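Please read these numbers as outputs of a predicted model, since none were measured by experiment.
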Amino acid sequence: QVQLVESGGGLAQAGGSLRLSCEVSGSITSISGMGWYRQAPGKERELVATFTSGSTTNYADSVKGRFTISRDNAKNTVFLQMNSLKPEDTAVYYCNARLYNSAYDVAPRNYWGQGTQVTVSS
């Protein structure tokens, strides 16, 4: 059983900061990628920031220079430091992990957290 537990969401003022964390636990053979997505009301879920293979990072244009993704491999935890927050950042943020949980898996499986609400007031 694989679980993604998110924390750190809440309310912030414009220009403020929040730090999200996501711990992945359960039956894990290896993790091929982790990242963050978000979904605002009336919008489709979009990529915010991810780790790709080789520890390369990928950011949405709207958050470049403001958000930073990091990870603690020993703890299977990924973080999202959000600075200079804007009201447009208001959304439910979802942690995502792509991992192998069995020696028989030929491709990684996709897992999602339950989401954490981030609200930025103007």
Side-chain angles (χ1 to χ4, degrees):
Q1 186 176 16
V2 175
Q3 290 183 291
L4 281 66
V5 180
E6 301 154 322
S7 63
L11 177 66
Q13 298 181 22
S17 299
L18 287 172
R19 187 171 188 256
L20 307 182
S21 65
C22 173
E23 182 179 1
V24 183
S25 62
S27 180
I28 302 171
T29 299
S30 63
I31 297 177
S32 64
M34 292 190 292
W36 294 92
Y37 293 71
R38 68 185 181 187
Q39 187 167 20
K43 302 291 185 179
E44 296 183 357
R45 187 174 298 185
E46 64 174 350
L47 181 149
V48 177
T50 64
F51 279 106
T52 60
S53 60
S55 298
T56 302
T57 56
N58 184 33
Y59 293 93
D61 289 340
S62 60
V63 307
K64 287 181 179 178
R66 300 188 297 118
F67 291 9
T68 302
I69 188 171
S70 61
R71 64 187 180 185
D72 185 335
N73 290 333
K75 298 180 179 179
N76 290 329
T77 301
V78 63
F79 306 92
L80 185 67
Q81 179 67 46
M82 303 184 292
N83 298 325
S84 301
L85 284 164
K86 303 176 180 180
E88 306 94 275
D89 296 319
T90 296
V92 177
Y93 284 70
Y94 296 91
C95 179
N96 171 260
R98 299 174 296 283
L99 58 87
Y100 297 88
N101 59 10
S102 170
Y104 300 99
D105 288 347
V106 298
R109 299 174 185 268
N110 208 33
Y111 293 90
W112 295 92
Q114 293 184 339
T116 183
Q117 178 70 47
V118 171
T119 302
V120 183
S121 61
S122 60

**Q.** Verdict with reasoning, Lys75 to Glu23, per salt bridge (Lys or Arg N to Asp or Glu O under 4.0 Å)
**A.** CA-CA 7 Å; Lys75 298 180 179 179; Glu23 182 179 1; over 6 Å; no
Heavy-atom pair with the smallest gap, counting every atom of [X] and [Y]:
X     : Y     : value
Ser17 : Asn83 : OG-OD1, 2.8 Å
Asn76 : Met34 : O-SD, 4.4 Å
Leu99 : Val2  : CD2-CG1, 4.0 Å
Val78 : Cys95 : CG1-SG, 3.9 Å
Trp36 : Ser21 : CH2-O, 3.7 Å

Q) Applying salt bridge (Lys or Arg N to Asp or Glu O under 4.0 Å), which residue pairs with at least one partner in residues 12-22 are found, sequence neighbours left out? A)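 Counting only pairs at least two positions apart or across chains, no salt bridge (Lys or Arg N to Asp or Glu O under 4.0 Å) contact touches residues 12-22.
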Q) Below 6.0 angstrom between ring centroids: does that apply to Trp112 and Tyr37? A)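 Yes, the ring centres sit under 6.0 Å apart.
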Q.
Please evaluate residues Ser55 and Arg71 with respect to the criterion side-chain hydrogen bond (donor to acceptor under 3.5 Å, both in side chains), reporting the C-alpha separation (whole Å), side-chain torsions for both, the decisive distance (0.1 Å), and the verdict.
A. CA-CA 10 Å; Ser55 298; Arg71 64 187 180 185; 2.4 Å; yes
Q) Looking at residues at least two apart in the chain, or sitting in another chain, which of them share a side-chain hydrogen bond (donor to acceptor under 3.5 Å, both in side chains) with Arg98? A)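 Arg98: side-chain hydrogen bond (donor to acceptor under 3.5 Å, both in side chains) contacts with Asn96.
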Q: Would you check, one step at a time, whether the test salt bridge (Lys or Arg N to Asp or Glu O under 4.0 Å) holds for Asp61 with Lys64?
A: CA-CA 5 Å; Asp61 289 340; Lys64 287 181 179 178; 3.1 Å; yes
Rounded distance (nearest 0.5 Å) linking atom [atom1] of [X] with atom [atom2] of [Y]:
X      : Y     : atom1 : atom2 : value
Tyr111 : Ile31 : OH    : CD1   : 11.0 Å
Leu20  : Tyr94 : CG    : OH    : 13.0 Å
Gln81  : Ser70 : CD    : OG    : 8.0 Å

Q | Residue Gln39 excluded, over 12 heavy atoms near CD under 6.0 Å | A |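 Yes, CD of Gln39 has more than 12 neighbouring heavy atoms, counting only those of other groups under 6.0 Å.
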